[in-house]
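Notes follow once the structure below has been shown.
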Amino acid sequence: MIDALKDAGIDKIILQATGHQIASDRKEVAEYAFEQGYLFGIYDSYKSIHDPSTFGTEDSWETAQMPKALFESVRMKREDGSYYPEFNSIGGIANPKAIRSYYEKRINTNFEEVPYSYYFIDVDAFGEYYDDYSQNHPLTQQEYAAQLIDRLKW
């Protein structure tokens, strides 16, 4: 595919895998893309978190699949004590401060496995902020926004 793009005269392009599991099996593609002057990276996101029982089904997607202990401990709560629903009312919203060590490890591991030239983190710059009323990891909307900005800077 990369050779076909070059042969077609396309000298600048961004190639993006839909998730780290897909790209981790294709380290040589990332290396070759970089040699040809292309950007190669992945899509990732840390807002949604899904129940591990949904992994591998149509009710989940790779970026929202995190360990069960995280699913049970980092979902954000509304003032009434219920969990915020996430995209398509599946799973919940992960508290960005509570999952910091997880996302740092996951991103670092992804870069160790594949020589990405960029990394796309979805929704952090979107501007949707929440209060977290969980007693284990309370967060105001302002703190939530600051955590997202900090993640993007990191």
Margin query: Could you check, using the six-membered ring where one of them is a Trp, whether Phe34 and Phe40 have ring centers closer than 6.0 angstrom?
Written below: no
Next item on the list: List the atom of Ser117, the atom of Leu39, and the distance in Å for their closest heavy-atom pair.
Entry: OG-CA, 3.2 Å
Next item on the list: Classify the side-chain pair Tyr32/Asp3 by whether it contains a donor and acceptor separated by less than 3.5 Å.
Entry: yes
Next item on the list: Quick one: pull up CG in Leu70 and OG in Ser101 and give me the separation to the nearest 0.5 Å.
Entry: 7.5 Å
Note to self: My understanding is that only residues two or more places apart in sequence, or in another chain, count here; which of them pass salt bridge (Lys or Arg N to Asp or Glu O under 4.0 Å) with Lys68?
What the structure shows: Glu72
Check: Glu143: what forms a salt bridge (Lys or Arg N to Asp or Glu O under 4.0 Å) with it, not counting sequence neighbours?
Finding: none
Next item on the list: Verify whether one side chain among Glu128 and Tyr130 offers a donor that lies under 3.5 Å from an acceptor in the other.
Entry: yes
Margin query: Does Glu28, at its CD atom, have more than 12 non-hydrogen atoms belonging to other residues, nucleotides or ligands within less than 6.0 Å?
Written below: yes
Item checked: hydrophobic_cluster_shared for Ile149 and Ile93, side chain cutoff 4.5 Å -> no
Next item on the list: Check whether any side-chain N or O of Thr109 sits under 3.5 Å from a backbone N or O of Lys105 as a donor-acceptor pair, and report yes or no.
Entry: yes
Check: Mind checking what makes salt bridge (Lys or Arg N to Asp or Glu O under 4.0 Å) contact with Arg151, not counting sequence neighbours?
Finding: Asp124
Margin query: As a test of understanding, state which of Arg75, Lys77, His137 forms a side-chain hydrogen bond (donor to acceptor under 3.5 Å, both in side chains) with Asn95.
Written below: His137
Next item on the list: Start with the C-alpha distance between Leu148 and Phe126, add both sets of side-chain angles, then the distance that settles side-chain contact (heavy atoms from CB on, under 4.5 Å), and finish with yes or no.
Entry: CA-CA 10 Å; Leu148 298 183; Phe126 180 62; over 6 Å; no
Next item on the list: Measure the spacing between CD of Glu62 and OG of Ser45 and express it to the nearest 0.5 Å.
Entry: 11.5 Å
Checklist line | Residue from Tyr119, Tyr116, Tyr118 passing side-chain hydrogen bond (donor to acceptor under 3.5 Å, both in side chains) with Gln16 | finding: Tyr118
Check: Nearest heavy-atom pair of Gly92 and Glu86: which atoms, and what distance?
Finding: O-CB, 3.3 Å
Notebook entry, point to check: Lys6 side chain to Gln36 main-chain N or O, any donor-acceptor pair under 3.5 Å?
Noted result: yes
Next item on the list: Examine Ile42 and Tyr38 and state if one hydrophobic cluster contains both, with Ile, Leu, Val, Met, Phe, Trp and Tyr joined whenever side-chain heavy atoms are less than 4.5 Å apart.
Entry: yes
Check: Under a single-linkage definition using a 4.5 Å side-chain heavy-atom cutoff for Ile, Leu, Val, Met, Phe, Trp and Tyr, are Val123 and Ile121 assigned to the same hydrophobic cluster?
Finding: no
Next item on the list: Return yes if some donor-acceptor pair links the side-chain N/O of Tyr46 with the main-chain N/O of Tyr102 below 3.5 Å, else return no.
Entry: no
Check: Which atoms form the tightest heavy-atom contact between Tyr133 and Glu79, and what is the distance?
Finding: CD1-N, 3.1 Å
Notebook entry, point to check: Can Asp122 and Thr63 be said to form a side-chain contact (heavy atoms from CB on, under 4.5 Å), step by step?
Noted result: CA-CA 10 Å; Asp122 198 7; Thr63 60; over 6 Å; no
Check: Do the non-hydrogen side-chain atoms of Trp154 and Ile107 ever get within less than 4.5 Å of each other?
Finding: yes
Margin query: Under the ring-ring contact (aromatic ring centres under 6.0 Å, His included) test against His50, which residue among Phe55, Trp61, Phe87 passes?
Written below: Trp61
Check: Is it true that a side-chain atom of Ser73 and a backbone atom of Ala69 form a donor plus acceptor pair closer than 3.5 Å?
Finding: yes
Next item on the list: Compare every heavy atom of Asp51 with every heavy atom of Thr54, then report the nearest pair and how far apart it is.
Entry: OG1-O, 2.7 Å
Checklist line | salt bridge (Lys or Arg N to Asp or Glu O under 4.0 Å) evaluation trace for Lys97 with Asp132 | finding: CA-CA 11 Å; Lys97 186 175 184 178; Asp132 187 355; over 6 Å; no
Margin query: Between Met66 and Val74, does the side-chain contact (heavy atoms from CB on, under 4.5 Å) criterion hold? Intermediate values first, please.
Written below: CA-CA 11 Å; Met66 301 177 199; Val74 304; 5.9 Å; no
Check: Is a donor on one side and an acceptor on the other found under 3.5 Å between the side chain of Asp131 and the backbone of Gln141?
Finding: yes
Note to self: Can you tell me how far apart CD (Gln147) and OG1 (Thr140) are? Round to the nearest 0.5 Å.
What the structure shows: 10.0 Å
Next item on the list: Take Asp44 and Arg106 through the test side-chain contact (heavy atoms from CB on, under 4.5 Å) and record every step on the way to the result.
Entry: CA-CA 10 Å; Asp44 206 351; Arg106 183 162 106 178; 2.5 Å; yes
Item checked: hydrophobic_cluster_shared for Tyr103 and Leu152, side chain cutoff 4.5 Å -> yes
Notebook entry, point to check: Mind checking whether Tyr84 and Phe71 sit in one hydrophobic cluster, side chains of I, L, V, M, F, W, Y counted as touching below 4.5 Å?
Noted result: no
Margin query: What I'd like to find out is whether the side chain of Gln65 reaches to under 4.5 Å of the side chain of Pro52, using heavy atoms alone.
Written below: no
